[in-house]
Amino acid sequence: MIKSRICDLLNIEYPILQGGMAWVATGELAAAVSEAGGLGIIGSGQAPADWVKSEIQKVKARTSKPFGVNVMLMSPFLEDVMQVILDERVPVITTGAGNPGKYVPALKEIGTKVIPVVASVALSKRLERAGVDALIAEGMESGGHIGETSTFPLVPQVVDAVDIPVIAAGGIVDGRGFLAALSLGAEGVQMGTRFMCAEECVISPKVKAVILKAKDRDTAITGRSTGHPVRCIDNRFTREFAQMEKDGVPVAELEKLGAGRLRMAMVEGDIENGSVMSGQVAGAVTRIEPAAAIVQDVMEGAKREIQKLNERFTF
Ligand code: TUI
């Protein structure tokens, strides 16, 4: 049993959150993770509010345990999605790609726990002052939209800067990473890439195959020139995009080129022309298995690692 303030705050058994990945984390996956004792999170991405509502209802039909919704703050449907979260009294909201400060009072008023994803100490301090319940400090080992600091330097600096609980994300895939995160001062972890290969994850099997085949150096970052760096599996599209950035193609044109690519990969299974967003840990994901097996493996692995440390070192 490894319990933390995160378990009490969120009313969950294990301090493991499943990343709210756009086009990936549907109600099926979120329900499976929550039912397994972690926190499943629906990824609303740039989806319209009625899609988010139906995924919330899917989770509620499958589990009575707490779950979350991730809100991508660059979504064109942001206000409507926030309203659905309020109407449905979603237990937990995580946010990404921006500052959710102005939404905190309304969410807190109905008892929704607010846990923004941050990539810097400055935003962490601002959000603690705004009254959020916890933070997810996400290193740039993560897939998708990322900051510029890696998990090892980021997490302890955020932990030292705030009093609220911190959850580590980015580069965590097993019990070793879980334990490392706790050593850095985190009280829980969020994992995305490994849950992409959960049986309950509804993405194209072609994407799962790409993750399983990936090695340690198979991701690439594009979009730095647009101000929105994104980590994906290196493919035809990332190479074309990188060349255009090098050639100085205007930002507006690059953004147009990137639109719809995540769906193209995750839903349509176009693994060469779509954005196969994935963390650097893709190389360490080796099998497709139920979400519950992933949660159990991380917890069991962490306990084994504690034993190993005690055998290997004298404290
Ligand atoms: O949000 C993510 N990862 C994502 S979102 C996404 S969907 C997407 N679609 C099209 C273009 C781009 C993305 C795919 N992956 N992770 C959480 C995260 N948030 N990582 C980094 C940040 C972040 C970055 C800057 C949070 C706040 C921030 O600064 C805001 C401020 O105002 O200071």
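Counting starts at 1 for both ligands and their atoms, in listed order. As a basis for the values below, the full set of heavy atoms in this structure was taken, side chains included, without hydrogen atoms, waters or symmetry mates.
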**Q** What is the nearest protein non-hydrogen atom to atom 22 (C) of ligand 1, stated with its residue, atom name and distance?
**A**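 Among all protein heavy atoms, the one nearest atom 22 (C) of ligand 1 is A97 N, 3.7 Å.
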**Q** For ligand 1, note which part of L123 has a heavy atom under 4.0 Å away: side chain, backbone, both or neither.
**A**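 The answer is the side chain.
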**Q** What protein heavy atom sits nearest atom 17 (C) of ligand 1, and how far off is it?
**A**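 For atom 17 (C) of ligand 1, the nearest protein heavy atom comes out as V117 CG1, 3.2 Å.
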**Q** Does E138 reach ligand 1 with a nitrogen or oxygen that is under 3.5 Å from one of the ligand's nitrogen or oxygen atoms?
**A**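 Yes, E138 has an N/O under 3.5 Å of an N/O on ligand 1.
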**Q** Considering the options V189, V117, V166, which one meets the side chain to side chain contact (heavy atoms under 4.5 Å, CB included) requirement together with I136?
**A**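 Among V189, V117, V166, the one meeting side chain to side chain contact (heavy atoms under 4.5 Å, CB included) with I136 is V117.
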**Q** If you have a sec, work out which protein heavy atom is nearest atom 11 (C) of ligand 1 and how many Å separate them, to one decimal?
**A**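 Minimum-distance protein heavy atom for atom 11 (C) of ligand 1 reads M74 CE, 4.1 Å.
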**Q** F241 vs F237 aromatic rings, parallel, tilted or perpendicular, using cut-offs 30° and 60°?
**A**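 Plane angle over 60°, so perpendicular.
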**Q** Give the atom numbers and elements of ligand 1 that come within less than 4.0 Å of a heavy atom of N99.
**A**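 So the atoms of ligand 1 that pass are 30 (C), 32 (O).
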**Q** Under 4.0 Å from a heavy atom of M277: give me the atoms of ligand 1 that qualify, with their elements.
**A**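 Matching atoms, with element in brackets: 14 (C).
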**Q** I'd like to know if K308 pairs up with E305 as an ion pair, taking the criterion as any Lys NZ or Arg NE/NH1/NH2 lying under 4.0 Å from an Asp or Glu carboxylate oxygen.
**A**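 E305 and K308: salt-bridged.
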**Q** Counting heavy atoms only, name the option from M72, M21, H145 that's nearest to atom 15 (N) of ligand 1.
**A**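 Comparing heavy atoms across M72, M21, H145, the nearest one to atom 15 (N) of ligand 1 lies in H145.
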**Q** Strictly less than 4.0 Å: does any protein heavy-atom distance to atom 25 (C) of ligand 1 fall in that range?
**A**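 Within 4.0 Å: no protein heavy atom nearby.
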**Q** Does the side chain of N273 pick up a donor-acceptor pair with the side chain of R236 at under 3.5 Å?
**A**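 Yes - a donor-acceptor pair under 3.5 Å links their side chains.
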**Q** Go through ligand 1 atom by atom and flag the ones less than 4.0 Å from a non-hydrogen atom of G96.
**A**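 Here the atoms of ligand 1 in question are 1 (O), 17 (C), 19 (N).
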**Q** Of R231, E138, H228, which meets side chain to side chain contact (heavy atoms under 4.5 Å, CB included) against H145?
**A**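 Of the listed options, the one satisfying the test is H228.
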**Q** Please determine if D234 and R217 form a salt bridge, counting it only when a charged side-chain N lies under 4.0 Å from a carboxylate O.
**A**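 Judged by the 4.0 Å cut-off on N to carboxylate O distance, D234 and R217 do not form a salt bridge.
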**Q** Is it the side chain (CB and beyond), the backbone, both or neither of Q46 that lies under 4.0 Å from ligand 1, heavy atoms counted?
**A**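 Side chain only.
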**Q** Quick check: do V24 and C201 have side-chain heavy atoms less than 4.5 Å from each other?
**A**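 Of all side-chain heavy-atom pairs linking C201 with V24, at least one is under 4.5 Å.
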**Q** When you check the side-chain N and O atoms of T219 and Q280, is any donor under 3.5 Å from an acceptor?
**A**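 T219 vs Q280: no donor-acceptor pair found between side chains.
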